[in-house]
Amino acid sequence: MRSCIVAYLLWFFLGFFSAHRFYTGNYGTAIIYLVTGQLFGIGFIIDLFLIPSLVNQANLKTKYEHMVYMNSRF
């Protein structure tokens, strides 16, 4: 399970390298942010508000994958 606190710490200290987006599994946008300098700085501010939903989506995806795996075993 991903944590909002960890995501915010990654955003604050390593946000320029898109570490928070890699942490939440958003690899495509992480690479775009990395190449464009956080969309010229605007993406850094936007992510301040988006981190809770990014973490929630990552956690839901993990739960779904776990549920599918557990059901496929039977």
Side-chain angles (χ1 to χ4, degrees):
M1 297 296 286
R2 309 265 190 312
S3 166
C4 272
I5 294 170
V6 172
Y8 273 115
L9 289 172
L10 289 170
W11 170 82
F12 186 76
F13 291 109
L14 298 171
F16 185 73
F17 300 108
S18 303
H20 57 289
R21 288 215 170 242
F22 283 111
Y23 175 71
T24 57
N26 296 312
Y27 303 115
T29 56
I31 292 171
I32 290 170
Y33 273 35
L34 189 61
V35 170
T36 62
Q38 296 297 316
L39 297 174
F40 309 107
I42 297 170
F44 188 76
I45 303 301
I46 292 170
D47 281 349
L48 174 65
F49 302 102
L50 289 182
I51 284 177
S53 65
L54 294 173
V55 170
N56 189 32
Q57 287 176 351
N59 288 337
L60 287 174
K61 182 179 176 187
T62 302
K63 285 180 185 178
Y64 175 76
E65 290 172 349
H66 180 69
M67 185 177 63
V68 168
Y69 171 74
M70 294 302 286
N71 288 334
S72 69
R73 290 181 36 196
F74 297 108

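Residue numbers run from 1 in the order of the sequence given. Just so you know, these numbers use all the heavy atoms, side chains as well, and skip hydrogens, waters and symmetry mates.
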>> Please find the pair of heavy atoms, one from Ala30 and one from Ser18, that lie closest to each other, and give the distance.
In response: O-OG, 3.2 Å
>> Can you list everything that forms a ring pair (Phe, Tyr, Trp, His ring centres under 6.0 Å) with Phe44? Sequence neighbours excluded, please.
In response: Trp11
> Atom OG1 in Thr29, atom CZ in Phe22: separation rounded to 0.5 Å?
Replying inline: 8.5 Å
> Can you get from Val6 to Leu14 by hopping between Ile, Leu, Val, Met, Phe, Trp and Tyr side chains that sit under 4.5 Å apart?
Replying inline: yes
> Transitively linked via ILVMFWY side-chain contacts under 4.5 Å: Ile45 with Leu9?
Replying inline: yes
Give every donor-acceptor pair under 3.5 Å between a side-chain atom in residues 46-54 and any protein atom, sequence neighbours left out.
from	atom 1	to	atom 2	distance (Å)
Asp47	OD1	Arg21	NH2	2.7
Asp47	OD2	His20	NE2	2.7
Asp47	OD2	Arg21	NE	3.2
Ser53	OG	Leu50	O	2.9

> Linking I/L/V/M/F/W/Y whenever their side-chain heavy atoms sit closer than 4.5 Å, directly or via other members, would Leu10 and Phe16 fall into one cluster?
Replying inline: yes
> What distance do His66 atom NE2 and Met70 atom CE have between them, rounded to the nearest 0.5 Å?
Replying inline: 5.0 Å
>> In the structure I gave you, are the side-chain heavy atoms of Thr36 and Leu39 within less than 4.5 Å of one another anywhere?
In response: yes
> Is it true that atom CD1 of Ile5 has more than 12 heavy atoms of other residues, nucleotides or ligands lying nearer than 6.0 Å?
Replying inline: no
>> So does Ser3 get a backbone contact from the side chain of Tyr23, meaning a donor-acceptor N/O pair under 3.5 Å?
In response: yes
> When hydrophobic residues are tied together by side-chain contacts of less than 4.5 Å, even through go-betweens, does Phe13 share a cluster with Val55?
Replying inline: yes
> Of the non-hydrogen atoms in Arg2 and Thr62, which two are nearest, and what is the gap between them?
Replying inline: NH1-OG1, 3.9 Å
